[in-house]
Structures are given as structure tokens and as C-alpha cells.
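One structure is given below, encoded as C-alpha cells.
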Amino acid sequence: MAIKVEVFSTNSCPHCPAAIEAAQKAKDKLGDAIDVETLKIDESKDNYQRAIDYQIMAVPTIVIDGEVVFVGAPTESELIEKLESML
């Protein structure tokens with residue numbers, strides 16, 4: 001079963017594109033081992049509610065398999081290292 005990676009972001013956040021890019025590069029490297037979803041909390045009430053459910057207070061935040069793992073944008077290598085340790 002693939003590891004679920006959720007990237008919570010907003011359109012106005014200057015750091016969010018780096019987190020999204022790191023997640024996409026992790027997906028490029030790890031392929032079907034991970035499933036990446038980007039959730040813009042300022043575009044959807046459902047995404048906003050999911051952020052509240054995880055008690056997210058800042059973006060970008062990366063949730064892996066239901067657990068908040070990174071608050072702020074990790075480097076590509078930090079994210080890949082974390083994901084590889086979970087495989």
C-alpha cells in the first residue's frame with residue numbers, strides 16, 4: 001500500500017511552492033510507493049476542514065499517513081529520506 005503524502009498550502013504562501021515541488025520530486029523518485037495530494041486550504045472548504053482536523057496552524061504542512069511530519073517546507077532530500085525510512 002502506498003504511503004499517503006498530503007501537502008497543505010495556500011495560494012498566498014511564499015514557501016508553499018517549495019513544499020509542493022519537494023513532494024513532486026519525491027513522487028518522481030519513489031513512484032507508486034507514495035501517493036501525493038496537494039490541498040489548497042484557501043480554495044476548498046473540505047481542504048480547510050481537513051487542515052482543522054489535523055490541527056494545522058501554518059502552511060506549508062506535510063502530513064504523511066495521517067501524521068503531521070513537516071511544518072514548513074522540507075528540502076527534497078529531507079522528505080525523500082523520511083519517506084524511504086517508512087518503506
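Computed from heavy atoms alone, side chains included, the values below leave out hydrogens, waters and symmetry copies.
Under the side chain to side chain donor-acceptor pair (under 3.5 Å) criterion, K4 pairs with no residue at all, not counting sequence neighbours. In this structure, the side-chain contact (heavy atoms from CB on, under 4.5 Å) partners of E43, at least two apart in sequence or on a different chain, are N11, K40. In this structure A26 satisfies the side-chain contact (heavy atoms from CB on, under 4.5 Å) test together with I34, L79, I80, L83, sequence neighbours excluded. The side-chain contact (heavy atoms from CB on, under 4.5 Å) search around A18 returns A73, not counting sequence neighbours. For the side-chain contact (heavy atoms from CB on, under 4.5 Å) test, residues two or more places apart in sequence or in another chain that qualify with S77 are T75. For the side chain to side chain donor-acceptor pair (under 3.5 Å) test, residues two or more places apart in sequence or in another chain that qualify with D53 are Q49.
In this structure the side chain of P60 never reaches within 4.5 angstrom of the side chain of I20, judged on heavy atoms.
When hydrophobic side chains of Ile, Leu, Val, Met, Phe, Trp and Tyr are connected at separations under 4.5 Å, V59 ends up clustered with F8, L39, I41, Y54, I56, V63, V68, V71. I52 belongs to a hydrophobic cluster with Y48, counting contacts under 4.5 Å between side-chain heavy atoms of Ile, Leu, Val, Met, Phe, Trp and Tyr, direct or through other members.
Residue pairs that meet the ring-ring contact (aromatic ring centres under 6.0 Å, His included) test with at least one member in residues 62-87, sequence neighbours left out, do not exist here. Here salt bridge (Lys or Arg N to Asp or Glu O under 4.0 Å) pairs that include residues 78-87, with residues two or more places apart or in two chains, are K29-E84. Counting only residues at least two apart or on different chains, the salt bridge (Lys or Arg N to Asp or Glu O under 4.0 Å) pairs with a member in residues 12-23 are E21-K25.
Separating the CG atom in D35 from the CG atom in D65 is a distance of 10.0 Å, to the nearest 0.5 Å. The structure places CE of M86 at 7.0 Å from CD of E67, a figure rounded to the nearest 0.5 Å. Remark: N47 CG to T38 OG1 distance equals 10.0 Å, nearest 0.5 Å.
The minimum heavy-atom distance linking D32 with A2 is given by the pair O-CB, 3.5 Å. Of all non-hydrogen atoms in P17 and C13, the two that sit nearest each other are CD-O, 3.4 Å.
Residues V69 and L87 share a hydrophobic cluster, clusters being chains of Ile/Leu/Val/Met/Phe/Trp/Tyr side chains in contact below 4.5 Å.
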